[in-house]
Protein chains: 2
Amino acid sequence: MTTSQYKFPTHHVAVDCIIFGYENEKLKLLLSHRRFEPEQGKWSLLGGWVEENETVEKAAERVLLQYTGLKDIYLEQVHVFSDPARDPGGRVISIVFFAMIRIDKHDKELVTEHGAKWWAFNKKPALVFDHDQMVEHAHEKLKLKASYELIGKNLLPSKFTVLQLRILYEAIFQRSFDPGNFRKKILSLKILERLDVKNTTDSKRGAYYYSFRKENGLSFSERIVKLHS
Amino acid sequence: MTTSQYKFPTHHVAVDCIIFGYENEKLKLLLSHRRFEPEQGKWSLLGGWVEENETVEKAAERVLLQYTGLKDIYLEQVHVFSDPARDPGGRVISIVFFAMIRIDKHDKELVTEHGAKWWAFNKKPALVFDHDQMVEHAHEKLKLKASYELIGKNLLPSKFTVLQLRILYEAIFQRSFDPGNFRKKILSLKILERLDVKNTTDSKRGAYYYSFRKENGLSFSERIVKLHS
DNA sequence: ACAAAAGTGTTTCGGCTACACCCATGC
DNA sequence: GCATGGGTGTAGCCGAAACACTTTTGT
């Protein structure tokens with residue numbers, strides 16, 4: 001433990017992760033079945049304590065690795081929840097993260113082993129404490145991000161069709177997009193690369209697979225989806 | 001002190017505030033001259049410890065009240081900085097806030113009494129620890145916010161001209177805006193109300209003063225400034 | 001033949017930009 | 001009269017949206 005010259009109150013600090021995934025045309029969320037009090041047996045976000053000598057980001061990565069076996073996961077800070085009464089088990093300040101992971105790459109056994117489960121985003125159960133509010137915040141942040149940056153690299157498989165990307169966007173924004181306009185908009189960004197392979201399972205005619213360009217550091221764009229309609 | 005059933009590491013948690021103000025056609029920042037180690041004598045953000053039984057928001061409000069005498073200040077979370085080595089005095093997790101205050105309404109004596117000072121945003125001195133990075137983050141957040149929401153209510157005096165608002169926006173975005181187009185865009189939002197008074201000090205002809213509409217709960221708009229040019 | 005997704009083209013509309021241009025007034 | 005900011009008008013461009021239409025192929 002680091003010695004500190006400060007003489008002031010200290011607090012339990014936790015991280016809670018909203019983990020987004022995409023599978024079977026649905027936006028999903030990885031939730032944990034609590035095995036300890038308080039609220040044992042209910043569903044909650046995946047979380048953990050922040051240890052000495054680690055950043056809150058490292059703590060979140062540790063939690064993710066523990067539950068999914070994955071490293072180098074996309075993580076972003078969402079918000080801090082600090083109501084002294086938010087956790088009946090004691091005063092805990094929680095730093096909330098959202099993560100995006102590729103369901104096809106993670107360790108399914110590790111997930112079940114920990115009592116976690118993937119839930120369709122729009123069918124998730126009520127969560128403990130203020131976790132529903134956290135999910136709400138993370139969803140807003142995800143929408144904001146997806147509105148000015150092409151996301152999907154961390155959610156979709158390495159090759160995917162424009163249809164799959166559109167369905168992902170429709171799941172995130174919970175609205176539909178015109179197929180023709182969506183395709184033109186997305187491809188005009190020059191962020192995707194067309195592969196020579198076609199998908200023939202989702203359509204009769206077959207659709208080209210695309211992947212994110214390697215070189216493309218900045219997947220930034222002016223605007224992909226207009227918010228605040 | 002609240003009793004806790006948890007047996008895990010605890011941490012010092014602080015808040016640091018980036019306090020924006022507007023005066024003499026300039027975007028300003030309230031900084032503090034450190035009177036204690038480490039880095040005594042250097043400039044830093046205004047900060048304080050999070051106490052038992054208060055939210056991080058309350059802690060930030062407390063700091064603001066202490067330095068400016070103001071309550072009900074606009075506050076927004078920016079980011080959490082948690083590098084174990086960020087503060088040489090010990091391991092401190094810092095929650096960063098940005099605030100907007102009306103310089104004309106605050107308690108100037110209280111500010112000097114605490115060794116704080118208003119600095120022009122683009123002429124601020126280098127700050128201690130990771131505080132420069134925090135300011136950077138807050139500035140980005142301010143730009144984002146100002147891009148889809150008309151800000152100024154918490155920075156400008158209660159009545160102001162379109163010119164003053166434009167100068168504020170130019171200070172925030174560090175670019176110029178076409179006077180005619182800016183005026184039309186802003187007024188088309190129907191968020192401002194024209195008063196019957198004119199300002200005759202800044203121009204010969206005199207310009208109408210405006211104020212934010214009272215009823216107007218949502219000052220949201222599609223987009224005011226296009227980001228990511 | 002029909003359905004269903006793939007992919008392209010076209011038209012319309014509205015907002016943003018870049019100006020030009022008049023107004024009012026102090027110097 | 002001239003400079004300065006106040007304020008209005010307008011033409012051109014470009015992207016978003018709506019939607020028509022053709023292609024391909026499995027059933």
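Naming convention: chains lettered A, B, ... in sequence-line order (proteins, then strands); numbering from 1 in each chain.
The CZ atom of B:Arg183 sits 17 Å away from the C1' atom of C:dC19 (whole-angstrom rounding). Note: CZ (A:Phe177) to P (D:dG15) measures 19 Å, nearest angstrom. The separation between B:Phe182 atom CZ and C:dG15 atom C1' is 17 Å, rounded to whole Å. The separation between A:Lys184 atom NZ and D:dC19 atom P is 13 Å, rounded to whole Å. As a whole-Å value, the separation of A:Leu187 CG from C:dG9 C1' is 15 Å. One can place CG of A:Asp178 at 15 Å from P of C:dG9, the figure rounded to the nearest angstrom. In this structure, A:Leu163 atom CG and C:dA4 atom C1' are separated by 11 Å, rounded to whole Å. One can place NZ of B:Lys185 at 19 Å from C1' of D:dG7, the figure rounded to the nearest angstrom.
Side-chain atoms of A:Thr68 never come within 3.5 Å of backbone atoms of A:His106 as a donor-acceptor pair (strictly under, hydrogens ignored).
Each of C:dA5, D:dG5, D:dG7 was ranked by its minimum atom distance to the side chain of A:Arg205; first place goes to C:dA5. For A:Lys204, the side-chain atoms get nearest to C:dA4 when compared with the rest of C:dA6, C:dA4, C:dT25.
With A:Trp119 as the aromatic partner, A:Lys123 does not meet the cation-pi criteria of under 6.0 angstrom to the ring centre and within 45 degrees of the ring axis. The side-chain tip of A:Arg194 points at the ring of A:Tyr208 from less than 6.0 angstrom away and within 45° of straight on.
Contacts with DNA chain C (heavy atom under 4.0 Å) in residues 165-176 of chain B: none are found.
Within the 4.5 Å cutoff, side-chain heavy atoms of B:Tyr209 are placed close to those of B:Thr161. Counting heavy atoms from C-beta outward, A:Glu57 and A:Leu75 have side chains that stay 4.5 Å or more apart.
Residues A:Ala207 and A:Asn181 both approach DNA chain C. Their nearest nucleotides, taken by heavy-atom distance, put A:Ala207 toward the 5′ side.
Using a 4.0 Å cut-off between a side-chain N of Lys or Arg and a carboxylate O of Asp or Glu, B:Glu23 and B:Lys108 qualify as a salt bridge.
With A:His131 as the partner, the side chain to side chain contact (heavy atoms under 4.5 Å, CB included) test is satisfied by one option alone out of A:Arg86, A:Lys42, A:Lys124: A:Arg86.
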